[in-house]
Amino acid sequence: MNKKPTLYEEIRAKGHSRRDFLKFCGTIGAMMGLQASGVAQIVKALESKSRIPVIWLHLQECTCCSESFIRSSHPIVADIVLDKISLDYTETLMAASGHQAEKSLHDTMEKYHGEYLLMVEGSIPTENDGYCCIGGKSAYEILNEAAEGAKAIIAWGNCASAGCVQAASPNPTGAKPVHKVIKGKPIINVQGCPPIAEVMAGVVIHLLTFDRIPQLDALGRPKAFYSRRVHDTCYRRPNYDAGLFVQSFDDENAKRGYCLYKMGCRGPNTYNSCGVIKWNNGVSFPIQSGHPCIGCSEANFWDNGPFYQHLQSFPGFGIETTADKIGLGLGVVTGVGIAAHAISTNIRKRKMIQKGIKKSDSQTN
Amino acid sequence: MSQRIVVDPITRIEGHLRVEAEIKDGKIVDAFSSGTMVRGIEIILKGRDPRDAWAFTERVCGVCTTVHALASVRTVENALGITVPPNADLIRNLMFCAQYMQDHVVHFYHLHALDWVDVVSSLKADPKATSVLAQSISKWPKSSPGYFSDVQYRIQKFVESGQLGIFANGYWGHNAYKLPPEVNLLAVAHYLEALEWQKEIVKVHTIFGGKNPHPNYLVGGVPCAINLDENNALNAERLAFVGELFDKAQDFINQVYIPDLLAIASFYKDWGAIGGGLSNYMTYGDLPTNGYADVGSRSNSGADITFLVHLF
Ligand code: SF4
Ligand code: SF4
């Protein structure tokens, strides 16, 4: 009676077939860039593991991360987010309020000390404790207590990873991300405002399956989802390479879906999966719907100049020099070499494409 | 003897709320509520490029995403004397409607329902009786006895696992819960269905605004270009997709949400007389067809249902 059903048993009990289950494991595996052996590991883990208790804290935030989380598209993902993990405390969805809610928090902290996952949505105000209090305690106190017995911390979204909008200048509340106030715990920064639902699910499933932290980049983001620039996975990239740009939101080029670089697109220095996984079950993503990327998965994107001013207008942000260097991150020396090569190929390619376009124009005219 | 009760946190809302109530002879005689979190977005907005303001403002709330952004672009347009093209008005209206539909359903089932619906009591329901009830109030197809007994089995397993998750420490069995087990089971089944449903209708935002939560807006119009001869723009495929999303969403609202709302409300009629503050409700109207500045072109319809829904 006390034996907890495994994830696989629950999925079966919910009427999904074994084929559904394997397909789901495959999809998640592909999303995380895993080999077949990795997928087999997901299958095995989900077949044998029971639910991990989760404490989900809401600090200075707008709840868009929770909302994104419940948009996960795969039906089994929806089951996972609701009952493959045990969401023991989340102010957005839990039935209890007040003392009863606090009780759930403390029950889990005691009963599953060292075992539970701590998920944090929101930043921590450091100017004054009064800027965010729950149950009479400050955000910092609550986070500190909950972090102590956590197995690992997931910092959801830009708020918990980098402070987001409230940390934008002049940051009146002294908002800080989790990694600036909590030390000595593994922290995964799942960036974006909000992060893409499937990315959130992917990170959770990675933790459930492999029982360890996924590979992270220098900013603490899972490499599986944040190792490519939006610019490098953007379907409008050929237009960029060809020098075909939207110049105004209502020009002919906008109607043709040309590159949004001159409208302020931050794709060239933004690492996210928008171009690959897209949003809301792959329906579209900002650039496909005609709006430039605003860079929401990067720290300080709110203060990186007006959104509609294009990158070249910023000193030090010329796309073909600095963006590529920023892009290649830490591999500075080789990075510059590759960037230089990329510049010359881009320019050559652009000239060729433009010649080609002129030729075909004159032929049709 | 008066007594003060503090409820903090109030859950199933966006943000952080604390309510203190003074009770005398079993009645609330005074109450105080406070929002217990601040970010200072107004201060941060000062001195920014007004074209960017919508994005900052949108982050006020991720549950009712979109509406703050819409208010912001309208404000900037009003200040600068900009009239948006008619198609932009239409697209904004469609995005607004998608939000209106999604938000009401999520508010009802996922945020508010657990104050009226006793999840544990649904285990005592007779699935056949739930099925008869469901079929008597709606033609929604998922209403067979087998369907409801599957849901009940799922809840049973969940409770037996001992890990109650979001349902832990609820007020189950409290005598303020008035619904018979059969209605509770109906509501729990639709809680789960609505969780699946809500991620579909928001795709309207993804098509026009690139993502949800927090789709993109633009001062002066909308970012998505219309071009029926282009794969890269709003074309016939995209528009048909929007139409289909609305059709399906409407079916759910008419056949599940509204009948449930009325059925559940009928057990709690006395609540309509409690509190409520002022009895006057003002509606500015929305869905402009000739620019937001033209008050006459805004529709006022929906006021009654808005009232009902805010009650529950
Ligand atoms: S600048 Fe933006 S729109 Fe252009 S190719 Fe790069 S990511 Fe795509
Ligand atoms: S395209 Fe850019 S701004 Fe938009 S969601 Fe993706 S990372 Fe964020």
Side-chain angles (χ1 to χ4, degrees), chain A residues 4-5 13-15 51 53 60 62-64 67-68 70-71 73 78 83 86-88 90-98 100-101 103-104 131-136 165-166 168 170 172-173 175 193-194 249-250 254-257 279-280 283-291 294 306-308, chain B residues 6-12 14 16 36-41 43-44 49 51-52 55-56 59-63 65 110 114 119 150 154 157-158 161-163 165-171 195-196 198-199 202-203 206-214 216 218 221 223-225 227 230 232-233:
Chain A
K4 290 189 265 179
K14 238 149 267 170
R51 294 192 267 151
Q60 280 180 301
C62 77
T63 315
C64 76
E67 285 287 327
S68 190
I70 63 170
R71 309 280 196 267
S73 50
D83 46 32
S86 185
L87 262 178
D88 292 350
T90 155
E91 283 177 63
T92 309
L93 294 172
M94 68 192 305
S97 268
Q100 271 99 325
K103 184 172 182 311
S104 293
Y131 289 150
C132 179
C133 299
I134 301 148
V165 64
Q166 53 276 14
T173 61
C193 183
F249 283 106
D250 53 4
K255 291 192 170 192
R256 290 198 192 111
W279 281 81
N280 308 100
V283 168
S284 183
F285 72 112
I287 293 164
Q288 188 178 341
S289 293
H291 196 282
I294 62 172
F307 293 139
Y308 301 97
Chain B
V6 178
V7 186
D8 180 8
I10 297 276
T11 53
R12 288 176 279 114
E14 195 297 304
H16 299 288
T36 58
M37 186 271 280
V38 69
R39 288 177 290 163
I41 293 177
I43 300 167
I44 293 163
D49 188 318
R51 294 171 302 172
D52 293 3
F56 290 77
R59 268 69 188 178
V60 165
C61 182
V63 176
T65 176
H110 307 116
L114 300 181
V119 177
D150 280 354
R154 187 176 170 183
K157 285 273 149 222
F158 187 85
S161 77
Q163 287 181 290
I166 58 170
F167 302 124
N169 294 320
Y171 311 93
L195 201 56
E196 287 294 309
Q198 54 87 28
K199 59 197 186 198
V202 300
K203 289 177 182 168
T206 322
I207 292 169
F208 294 128
K211 67 201 260 273
N212 172 284
H214 295 334
N216 292 307
L218 190 69
C224 46
N227 186 349
E230 177 58 66
N232 264 342

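Note that these values count all heavy atoms, side chains included, but never hydrogens, waters or copies made by symmetry. Naming: A, B, ... by sequence-line order, numbering from 1 per chain.
With a 4.5 angstrom heavy-atom cutoff, A:Ala101 touches chain B only via side-chain atoms. Within the 4.5 angstrom heavy-atom criterion, only side-chain atoms of B:Glu230, from C-beta onward, approach chain A. Both the backbone and the side chain of A:Phe307 come within contact range of chain B, each with at least one heavy atom under 4.5 Å from a heavy atom of that chain. Using a 4.5 Å cut-off between heavy atoms, B:Phe208 contacts chain A through its backbone alone, with no side-chain atom that close. For B:Asn169, the parts sitting under 4.5 Å from any heavy atom of chain A are the backbone and the side chain alike.
Within the 3.5 Å criterion, the main-chain N or O of A:Ala95 finds no donor-acceptor partner in the side chain of B:Tyr171. When atom types are taken as modelled, the side chain of A:Ser289 and the backbone of B:Thr206 share a donor-acceptor pair closer than 3.5 angstrom. For A:Ser284 (side chain) and B:Gly210 (main-chain N/O), no donor-acceptor pair under 3.5 Å exists by modelled atom type. Under a 3.5 Å cut-off, the side chain of B:Arg12 and the backbone N or O of A:Glu91 do not form any donor-acceptor pair.
The choice from B:Pro223, B:Ala225, B:Gly40 that makes the most heavy-atom pairs within less than 4.5 Å of chain A is B:Pro223. Highest contact tally toward chain A, considering only B:Asp150, B:Thr65, B:Ile41, B:Val202, is held by B:Val202 [criterion: heavy-atom pairs under 4.5 Å]. Residue with the most contacts toward chain A among B:Asp49, B:Asn227, B:Val7, B:Val38: B:Val38 (heavy-atom pairs, distance under 4.5 Å). Highest contact tally toward chain B, considering only A:Ser68, A:Ala96, A:Gly257, is held by A:Ala96 [criterion: heavy-atom pairs under 4.5 Å]. Interface remark: of the candidates B:Leu114, B:Val6, B:Asn212, B:Asn212 forms the most heavy-atom pairs closer than 4.5 Å to chain A. Between chain B and the residues A:Cys62, A:Cys132, A:Ala254, A:Gly290, the most heavy-atom pairs under 4.5 angstrom are made by A:Cys62.
Taking CD1 of A:Ile287 as the start and CG of B:Asn216 as the end, the distance is 10.0 Å to the nearest 0.5 Å. The CG atom of B:Asn232 sits 14.0 Å away from the NZ atom of A:Lys255 when rounded to the nearest 0.5 Å. To the nearest 0.5 angstrom, B:Ile43 atom CD1 is 12.5 Å from A:Gln166 atom CD. The line from NE2 of A:His291 to SG of B:Cys224 is 10.5 Å long, rounded to the nearest 0.5 Å. Separation of atoms CD1 (A:Ile134) and NE2 (B:His16) is listed at 4.0 Å; rounding is to 0.5 Å.
Nearest approach of A:Cys64 to B:Pro213, heavy atoms of both residues: O-CG, 3.5 Å. Here the shortest heavy-atom pairing between B:Ala168 and A:Ser104 reads O-OG, 3.8 Å. Contact detail for B:Lys211 and A:Cys193: the closest heavy-atom pair is NZ-O, 2.9 Å. Closest approach of A:Val165 and B:Ile44 over heavy atoms only: O-CD1, 3.4 Å.
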Note to self: Could you go through B:Lys199 and A:Ile70, starting from their C-alpha distance and side-chain angles, then the distance that decides it, and tell me whether this counts as side-chain contact (heavy atoms from CB on, under 4.5 Å)?
What the structure shows: CA-CA 8 Å; B:Lys199 59 197 186 198; A:Ile70 63 170; over 6 Å; no

